[in-house]
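All remarks here apply to the structure that follows.
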Amino acid sequence: MLTGPPLLEMRGISKDFPGVRALQDVSLTVRAGEVAALLGENGAGKSTLMNILSGVFGSYEGHVLMNGRQVSVHSPRDAQQLGIGMIHQELNLVPELSVADNIFLGRELRTRWGALDRTRMDRRTSELLSGFGLRLSPRRAVRQCRIAEQQLIEVAKALSLNVRVLIMDEPTSALAAAEVDRLFGVIRNLARQGVAVVYISHRLEELDEIADSVTVLRDGRLIGRRAGREVGHAELIRMMVGRPLGDLYPREQAAMEGGEVGLLVEHLNLRGDQRNGRAALHDVNFRIRSGEIVGLAGLMGAGRTETLEAVFGAQPRRAWSSRMRLNGRPYSPRSPHHALRRGVALLAEDRKAQSLVLQNTVRFNISLTALGQYRRWGVLSRRLETAAVNGMVRDLRVKTPGLGALVNNLSGGNQQKVVLAKCLLTRPRVLLMDEPTRGIDVGAKAEIYGLMSRLAEQGVAILMVSSELPELLAMCDRILVLCEGRITGEFHRGDATQEAILEAAMARTPVLAPGA
Amino acid sequence: MSRRSVPGQTPAATTERDGDGRRPLEPVVAPPRTWRERGGRVLSLLGSLQGYIGLVLVVVAGVLTKGDVFWNQQNLTNAVGAFSSRGILAVGETLVILAAGIDLSVGSILGIGSMTAALLLTRWHLAPWEIVPLCMAVGLFFGFCNGAGVAWLRVQSFVMTLASLTIVRGLDRQSSDNVSVGTQVVDANGQLAPFSAAFQGLGTPGHNILTGLPLPIFGRTGVYYPVVAFLVVCVMFQLVLSKTRFGRHVYAVGGNETAARLSGVNVTAVKIAVFSLSGMLAGFAGPIDAAYSASADPLAGTSYELDAIAAAVIGGASLAGGRGSIIGTLVGALILTLLDNVLGLNAVSDNLQLIVKGLIVVVAVVLQRPGLLISLGNFGREFTRRRTR
Ligand SMILES: Nc1ncnc2c1ncn2[C@@H]1O[C@H](COP(=O)(O)OP(=O)(O)OP(=O)(O)O)[C@@H](O)[C@H]1O
Ligand SMILES: [Mg+2]
């Protein structure tokens, strides 16, 4: 099936940014019906290569061939005319427009009289979304959708284009297993219809399932190409990182029992809000000892993010009620400002919208929350600030041309590291992490896990939400499972399994367990 | 395609690798003395100098057309002096714009400030050091109202300050019964009264603002308080923006409000603060304007907000928030004022002046855009490639 002539060929592609050589002489071929995975560390140049293919960057060196004929892609329009569609790593939806309007943006369906044909667009939207098992009103504003939903909307938008080449840049970084499975169904379907798919992901397990071939980049150079299912993870990692990687998950021994309770949450109730897509919480109770890493699992919309936000004071005070204690003292977070002052930090889910000032520098972003530490008589000391920021940049290996670089110009994974650095500089006692390794490469993941273990050893209480079950299973002392705003399961390190967690996560869906 | 680069000349291409395949630490922040760093410094310096192109062009135009008539201390000081009160407004405006807002009420607040000053002076014969703080308090009050409306009632700043523009102007005209109030009060022998002379010193050279006594003349102009006040305000607020936590928070709120809130920034307080400061500076500019024009007109300051916004924008502030600086605004203000001056010296008609000034705003904004040279280069390449295909 995959022996035909290549549908898409990129030859000798190079690209420079001021001070950065992002790509050097990279080639890539994809046949019709092939799912070609693109792999590499953060900042390796994957997104840049694909942005070139979709016409985001007007200029590049090298050649692009479709069906053996040389074509030029210098604008997104060129790409569209060639049948190349791309799902970008950073979401590109218009927040104020509805789901349907976003999907049909620029290609709106009209009635015979030229008016917008909303009925037809809504119907088509529902069809597309139900392909992923997503029941979402086409009229809801995208602003009100959670990030996983937004990711699926992006996919639906690309699908509605009838493309010949579909580029997916980390489409699953915010999706949980169930949604990923459905997405793969859709991808296989496309491949059967002869679409060439370029698939970027940092989750190696996904490649086993979906990829026909794997192409690895490192530091902007092509390292090699392997056929999909015959290559082991160890080899892929070696190709990506340039050396074998030790244990991915460094955490072996669980926290000691009987440590002090860092965070105690009792009877947390949160009013749901249809309008901004906020899930409700019902009587959520848990405690985290200092030095403990607790995971929070659940499906999309189960209330994981809302739980973290309530504890961080990011939900309006009127919407929730709870008795909380922090290190034994009563705690009632009125605002993030207040929570941070008490030593609670949140790594938010959506780095672009909630965490980064994209048009400002790496230095500005990393030190923003901790500025109080670098003041001398009310004046910021650039020396202290630089020392702290530099330390973080080095520890987390943020790949940046300098502290003065705009965050917007960093690769996605490196932006995530900036957010993490910002959180850590506040020296939190309780660390709330929402998908902390979203878009982060394997090597860096290992480093972040190591960092989390060290923090726990120093007595920080960590509550982490993740859609990647292997990550939760390996890192957490305990895992809480949320389903529709209620805690439906709690597992200790020894007895947690993927199946048990998934079952608890779906405990309240009527099909599976009536009256759980 | 047509672009060629020499490997090894781009700094990033020199990322070296150890023999045993282990990667060295990323060249994150090289020690400041490498060539790469120096090259970066030079480039960024050139980039920041680009903002001064407009200023240089205006000065060159002035010198070429009028020579010494333009380029002498007296003319330049007069030109800047005439613009100082608007320059002070521009500083406050920059703060608000950095926080992604806009303040349309500064002209009106300047108006009510100047009227307050004139009334305090003529009715109660107060000294400048009493008048100025009271006017600042008046401005602060209205600025605070703006901030409260924006931050607490969540009215968009354009709407909120549009409303206070008319409200404050109405109060101003009401309090003066629509007549202008002169600030030059003469005593029985027809001499300028000392308190009035002191007040005059705020706007014109020649009098000590504390004692009202004549001042010795420095150079050919004497101490020009409006210019001094403008420069001091610029320096102060540039330092606040770049050296304090509050300054960083202003940039953060303008750059991404949600991220700022989740980073522990008290967004409400920052918004109220920038509007209050803007109002306070407008109140401060009031007495200066009154002294400069020797009277408080009920219409004083009308449409000054537009000059203030223009100065900030020419100086590189982005109306989307999060980008700009006071230094930039100072340059923007200088461009506007010197341009006024050059056009005036060349006897360009008022109507033509308006047209030219409007065009200059657009040209200056385009000229000061970072990366302009690069994008011009790209455009050229694109253009030639399309043509040859
Ligand atoms: N617009 C830009 N300006 C300057 N540098 C850029 C720009 N876009 C990308 N870069 C740089 O190019 C390099 C490659 O970035 P790219 O986004 O392609 O990485 P990536 O492989 O997609 O990484 P990730 O897995 O983190 O998404 C990075 O070092 C990045 O800093
Ligand atoms: Mg990327």
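Every chain is numbered from 1, with letters handed out A, B, ... down the list of sequences.
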To the nearest 0.5 Å, tell me how far Arg245(B) CZ sits from Arg375(A) CZ.
-> 4.0 Å
For His337(A) and Ser263(B), what are the C-alpha separation, side-chain angles and deciding distance, and is it a side chain to side chain contact (heavy atoms under 4.5 Å, CB included)?
-> CA-CA 7 Å; His337(A) 179 68; Ser263(B) 302; over 6 Å; no
Separation between CG (Leu368(A)) and NE2 (His249(B)), nearest 0.5 Å, reads 5.5 Å
Do you know which of Ser318(B), Ala252(B), Gly322(B) has the most heavy-atom pairs with chain A at a distance under 4.5 angstrom?
-> Ala252(B)
Taking all atoms of both residues into account, what is the closest heavy-atom pair of Leu340(A) and Leu262(B), and its distance?
-> CD1-O, 4.1 Å
Within 6.0 angstrom of Gln373(A) CD, more than 12 heavy atoms from elsewhere = yes
Distance (rounded to the nearest 0.5 Å) between Thr258(B) OG1 and Leu356(A) CG = 12.0 Å
Tyr251(B), part contacting chain A, at a heavy-atom distance under 4.5 Å = both
For Arg248(B) and Leu371(A), the nearest pair of non-hydrogen atoms, with its separation, is CB-CD1, 3.3 Å
Per-residue tally against chain B (heavy atom, under 4.5 Å) across Gly43(A), Ser335(A), Ala353(A) peaks at Ala353(A)
When rounded to the nearest 0.5 angstrom, what is the spacing between NZ in Lys243(B) and OG in Ser381(A)?
-> 9.0 Å
Donor-acceptor under 3.5 Å (Asn256(B) side chain, Lys352(A) main chain) | yes
